Amino acid sequence: MPDLSVLTQRLGVDIDPELLVLALTHRSYAYEHPGTAHNERLEFLGDSILGQAVTVMLYRRFPDLDEGDLARRRASLVSTLALAEVARGLGIGAFIRLGRGEQLTGGADKSSILADTVEAIIGACFLANGPDVARDFVLRLVETLMDDPDRFGVAMDPKTTLQELAVARGAGDVVYRVESRGPDHARVFTATVLLGDEPYGTGEGSSKKAAESLAALAAIGALRAAAVVVE
C-alpha cells in the first residue's frame with residue numbers, strides 16, 4: 001500500500017492510521033486474509049453522515065427549492081457516480097486493499113468500490129474527529145460537484161443525457177452491450193456503450209441498470225472530450 005500520509009494530506013483530516021486502513025479494506029481482501037476486518041460497517045456509518053450533511057446543506061443553501069428538487073439534488077450528490085468521481089479526484093483507488101481477483105479486474109477504479117470506500121472514510125473521520133469535523137469534511141468533498149453546472153442532470157439520468165448529447169452531435173445511435181459474470185448471489189454486470197458501432201465507454205455494477213448508467217457517464221465524458229461535430 002502507498003504511503004498513507006499522502007492520502008491523509010489529500011483528505012485534509014487526521015484519521016488514526018489503523019482506522020484509515022480499515023476504511024480502505026475491501027471485503028475481497030478480508031476474505032483472502034482470514035481474521036482481517038473490512039470496511040462495510042464504516043461504510044454504513046459514513047452513508048448516514050453523508051446523507052445528513054448534504055441534506056442540511058441543500059436545505060440552507062436553496063431556500064426556494066421544493067422538497068422534490070432538494071431530493072433530486074441530494075440523490076445526485078450522494079450517488080455512486082458522484083462519490084466515485086470524488087474518489088478519483090483524490091486518487092483513493094491506489095490505496096484500497098483489494099483481493100487478488102478484484103485487483104486483476106480493475107477493482108481500484110470500479111465506481112461502486114470507490115464510492116463505498118469514500119463512505120467508509122467519512123465514517124472513519126466521524127469516529128476519529130466527531131460530527132462537526134465529519135460534516136465539514138463531507139461538505140468539502142461535495143463542494144466541487146456543486147460547482148459543476150451540468151452535475152444534476154447528468155448524474156441523475158446519464159443515459160438520457162447521453163442520448164440527447166449523441167443526437168445533438170450526430171454521434172450515431174446509442175447501443176448498450178451488457179455481459180455478466182459470477183454466481184447469482186454476487187453477479188457483476190459490465191456494460192459497453194456503442195455510438196455508431198464505436199465503443200465510447202464501459203461501466204461495471206451489481207445490476208444491469210447500474211452498469212449502463214456508469215457506462216453512459218463514461219461515454220458522456222469521452223464524447224465531450226472528443227468534441228464530436230454535428231455533420
Side-chain angles (χ1 to χ4, degrees), residues 1-61 74-147 155 186 204-206:
M1 176 182 289
D3 185 357
L4 282 182
S5 64
V6 175
L7 179 59
T8 299
Q9 185 175 16
R10 294 176 188 172
L11 295 174
V13 291
D14 290 324
I15 301 174
D16 177 79
E18 186 174 342
L19 188 57
L20 183 55
V21 168
L22 176 59
L24 294 166
T25 303
H26 188 255
R27 66 178 178 270
S28 63
Y29 182 92
Y31 291 162
E32 292 182 9
H33 298 79
T36 300
H38 56 71
N39 64 7
E40 290 184 357
R41 280 174 54 84
L42 283 176
E43 176 195 337
F44 170 80
L45 177 62
D47 176 68
S48 178
I49 296 162
L50 170 69
Q52 181 182 52
V54 170
T55 297
V56 173
M57 179 271 291
L58 290 172
Y59 181 86
R60 290 175 173 169
R61 182 175 291 196
R74 178 180 61 193
S76 176
L77 291 173
V78 304
S79 69
T80 295
L81 305 179
L83 295 180
E85 185 175 330
V86 168
R88 291 188 180 100
L90 293 169
I92 288 175
F95 296 87
I96 301 176
R97 296 206 295 179
L98 297 166
R100 180 167 176 78
E102 285 291 355
Q103 290 178 2
L104 293 175
T105 57
D109 194 50
K110 289 180 182 177
S111 293
S112 57
I113 292 177
L114 290 172
D116 290 346
T117 304
V118 170
E119 290 180 338
I121 291 173
I122 292 170
C125 178
F126 176 87
L127 294 179
N129 301 286
D132 292 341
V133 173
R135 178 201 61 222
D136 292 343
F137 175 54
V138 167
L139 297 183
R140 283 193 289 105
L141 292 180
V142 303
E143 190 64 35
T144 55
L145 305 178
M146 292 290 298
D147 294 336
E204 191 168 277
S206 58

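Sequential numbering from 1 along the given sequence is applied to the chain's residues. Nothing here was measured: the structure is a model prediction, and the numbers come from that model.
- How far OG1 of T80 is from CG of D116: 7.0 Å, rounded to the nearest 0.5 Å.
- Enclosure of atom CD in E32 by more than 12 non-hydrogen atoms of other residues, nucleotides or ligands within 6.0 angstrom is indicated.
- By the side chain to side chain contact (heavy atoms under 4.5 Å, CB included) test, A37 pairs with L22, sequence neighbours left out.
- Judged as a salt bridge (charged side-chain N to carboxylate O under 4.0 Å, His left out), the pairs with a partner in residues 123-141 (not counting sequence neighbours) are, in order, D132-R135.
- Closest of all the heavy-atom pairs between F126 and A134 is CA-CB, 3.7 Å.
- Legend: residues meeting side chain to side chain contact (heavy atoms under 4.5 Å, CB included) with L98, ordered by chain and number and at least two apart, are H26, S28, I96, E102, Q103, A108, I113.
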Legend entry - Verdict with reasoning, T8 to I15, per side-chain contact (heavy atoms from CB on, under 4.5 Å): CA-CA 7 Å; T8 299; I15 301 174; 5.9 Å; no

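- Within the 4.5 Å cutoff, no side-chain heavy atoms of L50 are placed close to those of V118.
- Taking T55 as the reference, R74 meet the side-chain hydrogen bond (donor to acceptor under 3.5 Å, both in side chains) condition, with sequence neighbours excluded.
- The only member of N39, L90, L24, L19 that meets side-chain contact (heavy atoms from CB on, under 4.5 Å) when paired with I121 is L24.
- We find the CD-CG distance between E119 and L42 to be 11.0 Å, quoted to the nearest 0.5 Å.
- By the 4.5 Å heavy-atom criterion applied to side chains, T36 and R97 are counted as neighbours.
- Pairs of residues two or more places apart, or lying in two chains, that qualify as salt bridge (charged side-chain N to carboxylate O under 4.0 Å, His left out) and include a residue from residues 34-56 are R27-E40.
- Among pairs with a residue in residues 7-22, none fulfils salt bridge (charged side-chain N to carboxylate O under 4.0 Å, His left out), at least two apart in sequence or across chains.
- Here the OG1-CD distance, from T105 to E204, works out to 6.0 Å after rounding to the nearest 0.5 Å.
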Inset, instruction - Apply side-chain contact (heavy atoms from CB on, under 4.5 Å) to F95 and T117, showing your working. - result: CA-CA 10 Å; F95 296 87; T117 304; over 6 Å; no

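- L141 and V86 make their closest contact through O-CG2, 3.6 Å (heavy atoms, listed as atom of the first residue, atom of the second, distance).
- Considering CG of L58 and CZ of R60, their distance stands at 11.5 Å, rounded to 0.5 Å.
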Inset, instruction - Take V138 and M57 through the test side-chain contact (heavy atoms from CB on, under 4.5 Å) and record every step on the way to the result. - result: CA-CA 10 Å; V138 167; M57 179 271 291; over 6 Å; no

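- Atom CG of L114 sits about 10.0 Å away from atom CG of L83, to the nearest 0.5 Å.
- Listed here is the closest heavy atom pair of A23 and A120: O-CB, 3.5 Å.
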